[in-house]
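The next block holds one structure in the form of structure tokens; read it before the comments.
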2 protein chains.
Amino acid sequence: MMAAPSIKEVAQRAGVSVGTVSNFLNRPWIVAPTTRQRIQDSISTLGFVRNEAARHLRAGHSRTVGLVVLDVANPFFTDVAEGAESLAYEHDTVVMLCNSKTDPVREGHHLDQLEQQRVMGILITPCDSADPRLLALTARGTPVVLVDRAADGGHCSVSVDDKLGGRLAGNHLIETGHQRIAFIGGPLTMQQVKDRLAGMTATVEKAGDVELQTHEVDVMGVVEGRAAGERIAQLPKRSRPTAAFCANDLLALGFLQAMAVAGLRVPQDMAIVGYDDIDFAAAAAVPLSSVRQPAELLGRTAMELLQEEVAAAELHRHRQVIFQPDLVIRESSSRP
Amino acid sequence: MMAAPSIKEVAQRAGVSVGTVSNFLNRPWIVAPTTRQRIQDSISTLGFVRNEAARHLRAGHSRTVGLVVLDVANPFFTDVAEGAESLAYEHDTVVMLCNSKTDPVREGHHLDQLEQQRVMGILITPCDSADPRLLALTARGTPVVLVDRAADGGHCSVSVDDKLGGRLAGNHLIETGHQRIAFIGGPLTMQQVKDRLAGMTATVEKAGDVELQTHEVDVMGVVEGRAAGERIAQLPKRSRPTAAFCANDLLALGFLQAMAVAGLRVPQDMAIVGYDDIDFAAAAAVPLSSVRQPAELLGRTAMELLQEEVAAAELHRHRQVIFQPDLVIRESSSRP
DNA sequence: CAGTCTAGTTGAATCGTCTTAATCCGCGAC
DNA sequence: GTCGCGGATTAAGACGATTCAACTAGACTG
């Protein structure tokens, strides 16, 4: 296993200078056809592969974008990644997917690594809304775009109107006649969760005689949803909510399973509305109503903003793009 | 936004040479305490961040490992990633997670990128067992470790005995009295799928009077499992299988949902056994029996083999590690 | 035939970090 | 007072690709 051949060896073998090989690689049309052929041959016999590190060093910036998500196992985020990657692909850049698992320490570690790699920029759904590290990063020259969370001006951001999402779910449940509603989500330090709850609360207050219970969880996964469901199923019928609004679909799925186990019928005994409208939601045992977020578009737009910021540099003005969510009504919350 | 400060500016400001700063960074103990302090101050006031590209260029190899999986949305693979990452973390290396989506073109693109980045090595669950590209990659100096697939000597590999897994599922279903069994999985070009089917087939043949139907799918996701389930549910009762063995849990989950929709009870009308034992399996509406694979261990071991190969270089002998799967029996296949 | 183009090619400098051999300096031993 | 020793520091190359000013050799113009 010898060392990988460099442009130099390619040049030598083709009988030209390194400059010409570089031209061949980057501006082939200015190289004479015969020379071009010789270089091509040399490259394939040697099995030459460009050294990205060297290009990067010379260029001063890499062709990689970091994407830090809260949970790779959540289809919502894989869809976001998909969207980001599709645009990246068109611009010949690479996406580095990092999983913070809602853990600030892990998140910090990933940010360090990405900064050391001098990535073009970072797309992130941060654990903490107001982490000063993000601003510091930007100040030191790495553009940061917030995903699924509105920024307050220091960054670009792409988000969905979570309060509206909460209101949509609230209106729907109240209209279908529910008077005791549970909210399941958390941690409540996360802006998205706070906003979804706020939207719901606003609707409930306007309606007057509706009771809202809040059940906080510390991670939004299936397991936690199931646990919350079990807790709620055990409540005496008189005080048990008749509907649940889960802050994401993973929670809702777990919650749904708990209902099945507890023998409560969905939607007759318990209506459920989730959030994100992941593919699983429509395909659940009882198809889940859910507040739909345009995940892929979110990712794609975030990448767009980043590319804008990178291109414009000094004269760039941060933008906050906000999408509207839709409520998709399915069996899990249809009128009994 | 000025350019990121380099070691040179740090040195200047601290009144030392770049060599000393480099020493501070890599072998702090040989630097005098007072100097150390001055450099530390300089670093923090300038906000210096190491340039990984330059280190990499100098060192000739990067501190990144590529991990290419078939489907990031499949919890099995996120568990594998978790395992790989945990070990990587201990060795101060970074994992770059790439999603091929069972698409050879995407896979190829990722491999190109990773090779250009001169990654330390690549852990991959390839689409095609026998892609010559993998051997070429190794020949050119990038170690490749196969994950969840046994290699034939050209690489290290970490896998699980899929034939045994198939036999375990087969024995279990036959013992519980089933005589018509469906196998759902695909594409059949994938070695894992082939082996799981082979194990099942062997058991069925030994038993004698058991019928096995094969239902091939082209991607192993929830949607496809659901479709297969719908197809099978429509069969007349006399010819409809009474049990299904799905080549992964995503398929099984989809299949389970289709049964619910079709009004078939699980396990009374249809027993189901999945594969991978992802967290979802235990938490499904009807808890799923599943052939358990040690996903995290798989990832961790793959990374271990890679590090071994990188360290040993010339004198390295490829190893094939094979784990044993376990059958976890839950409600979905318990005796009616 | 001198002069002007132009297409094609070259060589050297550069990016930021690490390493190696060389240098410096102060102190104790003789 | 000199020598040597060792701890601390430095200066000078790599590493591989890119770029840009400079150069060559023909072709063409007037």
Side-chain angles (χ1 to χ4, degrees), chain A residues 2-40 42-43 46-64 92 115-120 140-142, chain B residues 2-40 42-43 46-64 92 113 115-120 140-141:
Chain A
M2 69 227 123
S6 77
I7 215 182
K8 201 152 116 201
E9 284 138 84
V10 172
Q12 209 150 33
R13 186 167 234 279
V16 296
S17 75
V18 294
T20 304
V21 178
S22 180
N23 282 336
F24 169 84
L25 293 168
N26 301 297
R27 293 174 293 280
W29 56 91
I30 73 164
V31 177
T34 58
T35 320
R36 221 183 302 172
Q37 187 58 53
R38 281 213 317 280
I39 296 178
Q40 180 58 66
S42 172
I43 285 180
L46 287 175
F48 167 76
V49 175
R50 259 162 133 134
N51 183 326
E52 177 65 25
R55 303 185 71 184
H56 171 174
L57 174 60
R58 181 69 231 264
H61 59 87
S62 83
R63 289 157 47 254
T64 306
D92 194 30
E115 190 178 13
Q116 288 186 18
Q117 295 191 33
R118 296 288 192 278
V119 290
M120 275 176 55
R140 282 195 300 266
T142 305
Chain B
M2 69 228 121
S6 77
I7 217 181
K8 200 152 114 201
E9 284 138 84
V10 172
Q12 210 150 33
R13 187 166 232 280
V16 296
S17 75
V18 295
T20 304
V21 178
S22 180
N23 282 336
F24 168 84
L25 258 17
N26 301 299
R27 294 175 293 280
W29 58 91
I30 73 164
V31 177
T34 58
T35 320
R36 222 182 303 174
Q37 187 58 53
R38 281 215 314 284
I39 297 179
Q40 180 57 63
S42 172
I43 286 181
L46 288 174
F48 166 76
V49 175
R50 260 159 129 132
N51 184 328
E52 177 65 26
R55 304 185 71 185
H56 171 174
L57 174 59
R58 180 66 231 265
H61 60 87
S62 81
R63 289 159 44 256
T64 305
D92 194 30
Q113 296 291 347
E115 190 178 12
Q116 288 185 18
Q117 295 191 33
R118 297 285 192 280
V119 290
M120 273 176 55
R140 283 197 299 268

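First the proteins, then the strands, lettered A, B, ... as listed; each starts at 1.
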*By side chain to side chain contact (heavy atoms under 4.5 Å, CB included), which residues pair with B:Arg118, not counting sequence neighbours?*
A:Ala4, A:Val49, A:Asn51, B:His56

*Using a 4.5 Å cut-off on heavy atoms from C-beta on, say whether the side chain of B:Val16 contacts that of B:Phe24.*
no

*Going from OG1 on B:Thr34 to CD on B:Gln37, what distance comes out if it is rounded to the nearest 0.5 angstrom?*
9.0 Å

*What is the distance from CG of B:Asn26 to P of C:dT20, rounded to the nearest Å?*
12 Å

*Return the value, rounded to whole Å, for the distance between atom CD1 of B:Ile7 and atom P of C:dC15.*
14 Å

*asked:* For A:Gln116, give me all partners under side-chain hydrogen bond (donor to acceptor under 3.5 Å, both in side chains), at least two apart in sequence or on another chain.
replied: none

_Min side-chain heavy-atom separation B:Ile43-B:Leu25 under 4.5 Å_ = yes

*Going 5' to 3' along DNA chain D, which nucleotides are the first and last within contact of chain A (any atom under 4.0 Å from a heavy atom)?*
D:dG16 to D:dT19

Provide a list of protein-nucleic acid N or O atom pairs under 3.5 angstrom, restricted to nucleotides 9-11 of chain C.
unit_1: C:dT9; atom_1: OP1; unit_2: A:Thr35; atom_2: OG1; d: 2.3
unit_1: C:dT9; atom_1: OP2; unit_2: A:Ala32; atom_2: N; d: 3.1
unit_1: C:dT10; atom_1: OP2; unit_2: A:Ser17; atom_2: N; d: 2.8
unit_1: C:dT10; atom_1: OP2; unit_2: A:Ser17; atom_2: OG; d: 3.1
unit_1: C:dT10; atom_1: OP2; unit_2: A:Thr20; atom_2: OG1; d: 2.7

_Using whole Å, what does the distance between atom C1' of nucleotide C:dG16 and atom NZ of B:Lys8 come to?_
9 Å

_Holding to side-chain hydrogen bond (donor to acceptor under 3.5 Å, both in side chains), I want the full list of residues that pass it with A:Ser22, two or more places apart in sequence or in another chain._
A:Asn26

*Using salt bridge (charged side-chain N to carboxylate O under 4.0 Å, His left out) as the criterion, list what pairs up with B:Arg63, not counting sequence neighbours.*
B:Glu52, B:Asp92

_Let me confirm one number: the CZ-OG1 distance from B:Arg38 to B:Thr20, rounded to the nearest 0.5 Å._
9.5 Å

*Quickly work out the B:Phe24 CZ to C:dT19 C1' distance and round it to whole Å.*
19 Å

*asked:* Base contacts versus sugar-phosphate-only contacts with protein, heavy atoms under 4.0 Å: please encode nucleotides 21-27 of chain C as B, S and - from 5' to 3'.
replied: -------

*Please list, chain by chain and in numerical order, all residues satisfying side-chain hydrogen bond (donor to acceptor under 3.5 Å, both in side chains) with A:Asn23, sequence neighbours excluded.*
A:Arg27

*Name the nucleic acid region contacted by B:Ser22, choosing base, sugar-phosphate or nothing; use a 4.0 angstrom heavy-atom cut-off, strictly under.*
base

Using a 3.5 Å cut-off and no angle test, enumerate the donor-acceptor pairs between side-chain atoms of residues 5-13 of chain B and protein atoms at least two apart in sequence or in another chain.
unit_1: B:Ser6; atom_1: OG; unit_2: B:Lys8; atom_2: N; d: 3.1
unit_1: B:Ser6; atom_1: OG; unit_2: B:Glu9; atom_2: OE2; d: 3.4
unit_1: B:Glu9; atom_1: OE2; unit_2: B:Ser6; atom_2: N; d: 3.3
unit_1: B:Arg13; atom_1: NH1; unit_2: B:Thr45; atom_2: OG1; d: 3.4

*From NE2 (B:His61) to CZ (B:Arg55), nearest 0.5 Å*: 10.0 Å

*asked:* Tell me every residue that passes side-chain hydrogen bond (donor to acceptor under 3.5 Å, both in side chains) with A:Glu115, counting only those two or more places apart in sequence or in another chain.
replied: A:Arg140

*Of all of residues 48-56 of chain B, which get a heavy atom below 4.0 angstrom from DNA chain D, listed by number?*
none

